[in-house]
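Excluded from the calculations below are hydrogen atoms, water molecules and symmetry mates; all remaining heavy atoms, backbone and side chain alike, are included. Per chain, numbering begins at 1; letters A, B, ... match sequence-line order.
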Amino acid sequence: MAQFQAVKGARDIFPDEVVRWHHVEGVIRSVAALYGFSEIRTPVFEYTELFQRGIGSTTDIVGKEMFSFLPDPNGRSITLRPEMTAGVMRACLQKNLLSLAPVHKLYYISDLFRKERPQAGRQRQFSQFGAELLGVSSPAAVAEVLTFMMQVFETLGLHGLRLRINSLGDVEDRARYREALREYFLPYAADLDESSKERLEKNPLRILDSKNPALKEMIAGAPRLYAYLKPEAVADFEKVLSFLSDRAIAYDIDHLLVRGLDYYCHAAFEVTSSELGAQDAIGGGGRYDSLAKELGGTADLPAVGFAVGMERLMIAMEKQGLFATLNPHGPLVYVVVQQQELSDHGMQVAFRLRKAGLKVEIDLAARSMKAQMREANRIGSSYALFIGQTEHESGLYSLKNLVTSEQTSLSLDAVIEILSTPG
RNA sequence: GUGAUUGUAGCUCAGCUGGUUAGAGCGCCAGGUUGUGGCCCUGGAGGUCGGGGGUUCGAGUCCCCUCAUUCACCCCA
């Protein structure tokens, strides 16, 4: 029988890598605290309609990437969350959070599921950290969220990132622009590729971010969304940009940036890293003022948010050597037992040292002294404490400094005292 | 979903145009050092050559199918 392996697109994270996750998560949490964002955790699954309504049924995510199933024959379809925003919004509406305070700043670090073919920087189960600012979506709010995100990158030491930003205007702006695009592309319809033809019908904006080189020229000649924005929207967007400039956050305006989720409006942005290969988007987000209503909320609930791919973030960090200094320190003392008959005594000694607050490791497999010593060395112990017949009888143990190879004979109390003193 | 790629020891990989007992490095275990690691030397364990079928006197090597991997497209984090 063939061995089991992890489900396609899912992977295991072993201890040496978990250390990295702890590091990154720690930075995220501490920067979130600086900006006043609090953590929210929502269920991994939601009713399927939530995503259909929230993300948009024409999007790729909803159209072909969701893990959906019926919990019972007559039940409602539920779906493993493919993104966080819809769920967070649902939670806040359900709890009527905004009645407690007009503005909420939330962040999350959560696992998501999308049924795509895995490739570099893309898995079926992956993790995002992100933030949602609910209650305002003013330029200041957009800048708040963006600055939080960029400060996380900066604190982690990640460089070589590119922030692209665009304004999608409001619903009316986009409706007018959509028509203009349709008019522009219609004469070229025969030259469009299959997916673009479909988008011409459903959502012409999406043609803009096609990476098909054959369409590049055609796209470059298309009318620009910017020209269709109301003056207020332009002013709003420029205010966001000036906030960014004030904070020395570099950006590029990208008129072709539309993003694949239906709920975005006005400011939309994306951060890419040159370290990542084909899937180079490390994070993205924008405003989604109409999402709450889409989900059945009674009032308008302006909101801004972003999401960053944890795995992609960590791939980029790895490439830049940002984990190099992240070495977990091994146990302080390795208790080495001379012969099997003494192993019970060794366990007692180990236990006593641990109770005294020392990091202690001991062989549980009754291996030879040589093996025990090799193990002590391999896992980076600072000391070996030998337990042989002599030690057992005299109560004086041989403590060997594994760096200097010096060895002294001490009582257990003395061992504890010496090793407990820092330095 | 589409395309390409790869699949040989725990890991990284050799294995030329099909030829006899399938190799290396690292790791692991043991010995050299009868109570002491890292270096070195010696030895050892460990392989349904992803799986199934076919061609052939003979298949790790060629053909077909299948599963899996990786990268890319689509799209996204």
How about A/Phe45 and A/Phe67: are their ring centroids closer than 6.0 Å? no
Do the side chain of A/Ser30 and the main chain of A/Val27 share a donor and acceptor less than 3.5 angstrom apart? yes
Considering every strand and a 4.0 Å limit on heavy-atom distances, what is the contact class for A/Glu391: base, sugar-phosphate, or nothing? base
Determine: side-chain N/O of A/Gln119 to OP1/OP2 of B/U70, distance under 4.0 Å, yes or no. no
Atom CG of A/Asn377 and atom C1' of B/G27: how far apart are they, to the nearest Å? 15 Å
At under 4.0 Å between heavy atoms, what does A/Gln407 touch on the DNA or RNA strands: base, sugar-phosphate, or nothing? base
How about A/Gln339: does its CD atom have over 12 heavy atoms from other parts shown lying under 6.0 Å from it? yes
Earlier contact from the 5' end, RNA chain B, for A/Lys115 and A/Gly121: A/Lys115
Pairs counted as Watson-Crick or G-U wobble with both distances under 3.5 Å: what dot-bracket string results for RNA chain B, using | for bases tied to another strand? ((((.((..((((.....[...)))).(((((.......))))).....(((((..]....))))))).))))....
Please tell me if A/Gln372 has a side-chain N or O lying less than 4.0 Å from either OP1 or OP2 of B/G37. no
Taking the six-membered ring for Trp, are A/His255 and A/Tyr226 closer than 6.0 Å centroid to centroid? yes
Phosphate OP1/OP2 of B/C71 contacted by A/Gln279 side-chain N/O (<4.0 Å): no
Which part of the nucleic acid does A/Ala120 contact within heavy-atom distance under 4.0 Å: base, sugar-phosphate only, or nothing? sugar-phosphate
Would you mind telling me which of B/A30, B/G32, B/U36 lies closest to the side-chain atoms of A/Ala371? B/A30
Interatomic distance, A/Met373 CE vs B/A30 P [rounded to whole Å]: 14 Å
May I ask you to verify if any side-chain N or O of A/Arg122 is less than 4.0 angstrom from the OP1 or OP2 atom of B/C74? no
With a non-hydrogen cut-off below 4.0 angstrom, is A/Arg374 in contact with a base, only sugar-phosphate, or nothing? sugar-phosphate
Classify the nucleic acid contact of A/Ile282 as base, sugar-phosphate or nothing, counting any heavy atom under 4.0 Å across all strands shown. sugar-phosphate
Please produce a list of atom pairs where a protein N or O lies less than 3.5 Å from an N or O of nucleotides 3-10 of chain B.
from: B/G3; atom 1: O6; to: A/Arg117; atom 2: NH2; distance (Å): 3.3

Atom-pair distance (CD1 on A/Ile387; P on B/U36), nearest Å: 16 Å
Check the phosphate of B/A30 against A/Ser368, side-chain N and O only, distance under 4.0 Å to OP1 or OP2. Yes or no? yes
Identify, between A/Lys370 and A/Glu83, the residue whose nearest nucleotide on RNA chain B lies closer to the 5' end. A/Lys370
